[in-house]
Amino acid sequence: MSHAVYLDYAATTPVDPAVVDVMVRYLGPEGTFANPASRSHLYGWLAEEAVENARRQVADALNADPREIVWTSGATEANNLALKGVLEARGGGHVITAATEHKAVLDACGWLERQGHPVTYLKPDASGRIAPQSVAQALREDTVLVSVMHANNETGVINDIAAIGALCREHGALFHTDAAQSAGKLALDVQALPVDLVSVCAHKIYGPKGIGALYVRRTPGVQVAAQIHGGGHERGMRSGTLASHQIVGMGEAFALAMSRRDADNERIAGLRDRLWSGLQALGQVTLNGEGAERLPGHLNVAFAGVDGEMLLTAMNQVAVSSGSACTSASLEPSYVLKAMGIADALAHGSIRFSVGRFTRAEDIERVIAHVTETVNRLRQVRAG
Ligand SMILES: *Cc1c(COP(=O)(O)O)cnc(C)c1O
């Protein structure tokens with residue numbers, strides 16, 4: 001395992017050492033370990049100050065007001081809070097989402113359907129994008145919420161959330177976007193964008209797992225009913241003692257991402273493009289999401305004439321995913337690739353490579369050689 005090149009940054013990233021340094025200061029007896037809700041002593045005040053500083057760091061990355069940031073346990077919970085919380089606050093209604101969303105949105109929508117709320121699932125175009133036009137056609141009199149992700153976790157394909165949000169606003173429907181993959185990588189300015197709710201998390205951008213946030217617009221105020229009840233933390237929207245060490249880690253990760261964004265994106269896209277040009281020499285390879293704008297680190301490749309599971313097993317020098325990490329346990333081809341109209345055989349032969357901050361140029365050369373050798377060998381076995 002230690003010898004394999006890690007190219008699965010879209011599943012999760014290691015925590016940046018600079019973030020680790022900050023986090024450990026909020027754990028031990030000499031650190032700022034107190035409950036941020038403790039109002040009766042300095043320990044508590046210092047912990048609260050650290051949480052509020054991190055809230056500002058995350059808010060700054062979105063150009064939001066810190067009071068618009070609600071801490072959650074990750075993007076899964078943020079998506080659940082947005083979808084269930086808005087439907088509850090509104091007393092029900094029609095929801096529009098996309099067939100290519102993360103399971104955290106799709107399964108929450110399935111739950112809403114079982115509660116009697118109708119949901120429309122939009123199909124992407126062949127590149128994986130949700131056309132704003134298809135949102136316009138699906139909007140109904142009773143549509144209360146539209147949820148379309150910023151960038152897809154499997155393909156990296158970026159949706160035009162400015163255009164989709166504008167249509168929602170015109171129609172009077174709220175717009176939620178799952179930005180777990182794009183936050184810290186793409187410009188995401190809530191003052192410029194017509195978005196009402198945004199889900200983000202730390203562990204896709206070199207922060208710790210188990211912490212995220214939901215941006216909830218204050219003007220005009222968006223009502224979200226709490227889904228976790230307790231001490232009334234987070235202005236009543238999400239109870240539970242704040243995970244201060246996770247929160248300062250997320251704040252630091254977002255601040256670091258903002259300061260490094262352009263340089264990181266440029267370097268990572270360069271490595272990703274080198275990987276693609278190296279793999280293209282194999283022939284009979286296609287890029288899933290071709291023609292769409294994509295995140296800098298993603299490369300989802302279909303290898304004709306090989307089985308993806310066999311390829312994954314045979315490739316022991318690189319850590320990657322088939323489809324997404326969440327669905328690769330099943331033998332079903334990726335539902336995202338299927339929704340894009342990609343044939344089952346090619347979807348089965350698809351691998352997601354994702355490059356990140358700690359990937360080196362020599363790692364990419366090693367992966368190109370390894371994948372080339374492995375694919376050629378598997379294709380020969382099939383042909384023979
Ligand atoms: C990773 C991811 C999630 C889930 O986030 P967690 O913080 O792991 O719960 C949701 N949506 C997208 C698009 C993701 O990539």
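Read the numbers this way: they start at 1 and go in the same order the structure lists the ligands and their atoms. One is the number of the first residue; the rest follow in order along the sequence. These figures come from a predicted structure and were not determined experimentally. What's counted below: heavy atoms across the whole structure, side chains too, no hydrogens, waters or symmetry copies.
Summarising the contacts of atom 5 (O) of ligand 1 with A183, A75, G210, the nearest heavy atom is found in A75. Summarising the contacts of atom 8 (O) of ligand 1 with H203, K103, K204, the nearest heavy atom is found in H203.
If you check which protein heavy atom lies closest to atom 4 (C) of ligand 1, you get T76 OG1, 3.5 Å. Atom 13 (C) of ligand 1 has D178 OD2, 3.4 Å as its closest protein atom, hydrogens excluded (heavy atom only). In this structure, the protein non-hydrogen atom closest to atom 3 (C) of ligand 1 is H102 NE2, 3.5 Å.
For ligand 1, the atoms sitting less than 4.0 Å from at least one non-hydrogen atom of C201 are 7 (O), numbered in the order shown with element in parentheses. Residue contact check: M149 has heavy atoms under 4.0 Å from atoms 13 (C) of ligand 1. Ligand-side atoms of ligand 1 in range of G74: 7 (O), range being under 4.0 angstrom from any heavy atom.
The ring-ring contact (aromatic ring centres under 6.0 Å, His included) pairs that include a residue from residues 30-85 are F33-Y43, H41-Y43, where partners are two or more places apart or lie in different chains. Pairs passing the salt bridge (charged side-chain N to carboxylate O under 4.0 Å, His left out) check and including a residue from residues 68-89, sequence neighbours excluded, read E77-R238.
Nearest approach of H298 to G156, heavy atoms of both residues: CD2-N, 3.3 Å. Nearest heavy atom pair, residue R352 against residue V320, reads O-CB, 3.5 Å. The two atoms that bring Y121 and G110 nearest to each other are OH-N, 3.8 Å, heavy atoms only. Residue V285 comes nearest to Q280 through the heavy atom pair CG2-CA, 3.7 Å, listed as atom of the first residue, atom of the second, then distance. The two residues H176 and S147 make their nearest non-hydrogen contact at ND1-OG, 2.8 Å.
Residue N153 places no N or O, backbone or side chain, under 3.5 Å from any N or O of ligand 1.
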